[in-house]
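What follows is a set of notes on a single structure, which appears directly below.
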Amino acid sequence: MAAIFEAFRFKQKATFMHSLDPRTTFFMAVTFSIIGMLFLQIIPLLLVFLSMVPFILFARSTRQWFKSLQGLAILAGFILIINSFFISFSFAISTVLRLIVLMTAFSLFFLTVHPDDFALALIKMHIPYEFAFAFSMAVRYVPTIATETETIRDAQMSRGLELERGNILQKVRNYIPILIPIIVSSIRRALQVAESLESRAFGSTAKRTSLYDLSLRKRDYAMLLVTTFALIFALFVAFVVRIQFPFLLPDWFFWSLPF
Amino acid sequence: MILFKDVGFEYEPGQPVLQNINLELEPGQVVGLMGENGAGKTTLVKHINGLLKPTTGAVYVNNIDTRDTSTAQLAKTVGFVFQNADHQLFADTLQAEVAFGLRNLGFSKEEVDNRVAQYLELFGLTRYGGQSPFLLSGGERKRLALASVLCVEPKVLILDEPTQAQDALQKAKLLNFIDSFRDPEHILLLVTHDVEFAIRAVDRLIILSNGQLIADGSPNQILSTPRLLDRARLLPPQLTQFAHQMAKQFPQFPTNVTTLDETIEAVNQLLRGRR
């Protein structure tokens, strides 16, 4: 459960991916997601996935990314079963692949972009400061809440709570003693943070200056260019070739499992 | 009895948090556990109720190996009150909050009702019985958390930082409670940074530093040893600091004092000698 948070726990590293402008990384994540949403065939999705692997390797975040995939395992299993049951196993596999593509795209973003830089990028993209700030705060508190969840679980287990006890309905209810303290303490903290922000004159001036500035460098332009080409190519294949000239596509493109 | 046998623990391979812990806690003792931030205190106590299992070595609680036992099974024997009461309160009413642990451990309905009433009374919370725990003040929430763990009547009780953010009156009440818990059947383990409180509350003090036990003995002896306190990043008790200042002027003044009585005695001796 807590493993899924690993995907969003930023760690500063001196890698190519970390050195990119957050806007570039954001564009890459969105592009990969869009491409992932365009196709529902196993091989194309696998190709999208494989094209992302080098970036994960460049970011030296393989282990964290892998942990996040483990966290996804329950959801993936659920999708696999439901889809196999109602549609087909082949469709279930491609849905899970799509899920993995989306998760990888966004964990690549969150693993390599500092939350503050992301807020800065949002402001650069003319999003009001309050919204950008709220977003960076939300991301900032994910690890805090993950740690807190573990403490709360320990505290309730010490009082004899057994999460695995009972039927499926009972199992869901077993989480209530964990969920309520998380919600209550998050609300308490939100109020405290709001007060402490106000006491430090948050929002007192309309135009805010920032200490650090973002700028796009050559590597950013290079990546943006490559990504744009990839996006155009994928859109072209999905909406022009696949619809108008499907016979141009190789057979493996439509390959699926027979069941 | 609690026995730590050559216990080592690591969260990440190759990064030991606890090393070579050998420790025996006998009933009848109130034991203090102190050490710098990150020394491994909480990690150590989480081994006692099986929240963590040792990477090497073993922990025995009343001869039960914690490696083969779940935390829920150990909850009948070991009570654990966490630092922050807000991390455990969740129920609609105080009564339901206290009943939670009892129900988990399979007490009969009648017994649950009896104990709920008894422990709310004991901690002065009876008049709030039907209210929501979240409407209580900070001190009251802390007491409720204590009541909801104690109602199970565990033989071993672990209190993690119980004096944090408590005023003098609450500390005095806590001290009374600790004294009432001190009997031949019970073990109480107190994790704390509060030196002044530890002197008054504990019979035995253990110092953990960087994952290793560096001292184990009487609070008086340990708290008046500056070298140990330095390693555990603790300040000596004020009276010990006073004694050290006095000894600079009067070499015969003893430096191993920690309590008010000992200090008065030492000052009296000094005055008698000078008369």
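Reminder, nothing fancy here: chain letters follow the sequence lines and each chain counts from 1. On a predicted model such as this, the values are computed, not experimentally measured, just so you know.
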Indicate the ring-plane relationship of B:F177 and B:F181, choosing parallel, tilted or perpendicular according to the 30° and 60° boundaries. tilted
Relative to the ring of A:F135, is the ring of A:F118 parallel (under 30°), tilted (30 to 60°) or perpendicular (over 60°)? perpendicular
Between chain A and chain B, which donor-acceptor atom pairs come closer than 3.5 Å, counting both backbone and side-chain atoms?
| from | atom 1 | to | atom 2 | distance (Å) |
| --- | --- | --- | --- | --- |
| B:K46 | NZ | A:D154 | OD2 | 2.9 |
| B:N49 | ND2 | A:S158 | OG | 3.0 |
| B:D86 | OD2 | A:R188 | NE | 3.4 |
| B:H87 | NE2 | A:E148 | OE2 | 2.9 |
| B:Q88 | O | A:Q156 | NE2 | 2.9 |
| B:Q88 | O | A:R159 | NH1 | 3.0 |
| B:E97 | O | A:R159 | NH2 | 2.8 |
| B:E97 | OE2 | A:R159 | NH1 | 3.0 |
| B:E97 | OE2 | A:R159 | NH2 | 3.0 |
| B:N104 | ND2 | A:R159 | O | 3.2 |

Any side-chain heavy atom of B:T192 sitting closer than 4.5 Å to one from B:T163? yes
Do the charged groups of B:K171 and B:D167 touch, with an N to O distance under 4.0 Å? no
Would the number of heavy atoms belonging to other residues, nucleotides or ligands and lying under 6.0 Å from CZ of A:F131 be above 12? no
Can you say whether B:L89 sits under 4.5 Å from chain A via the side chain, the backbone, both, or neither, judging by heavy atoms? backbone
Part of B:F134 within contact of chain A (heavy atom distance under 4.5 Å): both
Carefully, step by step, assess B:E121 and B:T126 under the rule side-chain hydrogen bond (donor to acceptor under 3.5 Å, both in side chains). CA-CA 5 Å; B:E121 184 62 38; B:T126 305; 2.8 Å; yes
Evaluation steps, side chain to side chain contact (heavy atoms under 4.5 Å, CB included), between A:I100 and A:L69: CA-CA 7 Å; A:I100 292 175; A:L69 286 189; 4.1 Å; yes
Most contact-rich option vs chain B, by heavy-atom pairs under 4.5 angstrom, among A:L179, A:I180, A:I183, A:I176, is A:I180
